[in-house]
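These notes are about the structure you will find just below.
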Amino acid sequence: YREATNELTRAKMTLADIESQIAALREDLHMKTSDAKRLSERNDYLEREIQQHVAVNQEYEIQLSNMNRSLQRNEE
């Protein structure tokens, strides 16, 4: 009886440890999922910002090209 009781006690302690590990892993997973979502949203935002800057840069290049052509015509 005593051996069975000790074995049951050890099993209960092992189960409690496993449950505690599961809870910690779930919390870690939740935090990592939240971080991944936040980083994905940040990445999307930055990609949109880059595209806007590229568009503005292209507009400046067009304006500069037009100004250069205009100056060349004026010099001729």
Rounded distance (nearest 0.5 Å) linking atom [atom1] of [X] with atom [atom2] of [Y]:
X   : Y   : atom1 : atom2 : answer
R69 : M67 : CZ    : CE    : 12.5 Å
E61 : E59 : CD    : CD    : 11.0 Å
E3  : E7  : CD    : CD    : 7.0 Å
L46 : R42 : CG    : CZ    : 4.0 Å
I50 : N57 : CD1   : CG    : 12.5 Å
L15 : K12 : CG    : NZ    : 10.0 Å

Taking S70 as the fixed residue, which of N66, N68, N74 is the one that meets the side chain to side chain contact (heavy atoms under 4.5 Å, CB included) rule?
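The passing option is N74.
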Return all side-chain donor-acceptor pairs below 3.5 angstrom for residues 17-37, not counting sequence neighbours, or 'none' if the list is empty.
residue	atom	partner	partner atom	Å
T33	OG1	L29	O	2.8
S34	OG	H30	O	3.1

With sequence neighbours left out, write down each residue that passes side chain to side chain donor-acceptor pair (under 3.5 Å) with N43, or none if nothing qualifies.
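Side chain to side chain donor-acceptor pair (under 3.5 Å) check on N43 returns E47.
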Just wondering, are more than 12 heavy atoms of other shown residues or ligands nearer than 6.0 Å to CD in E49?
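Yes.
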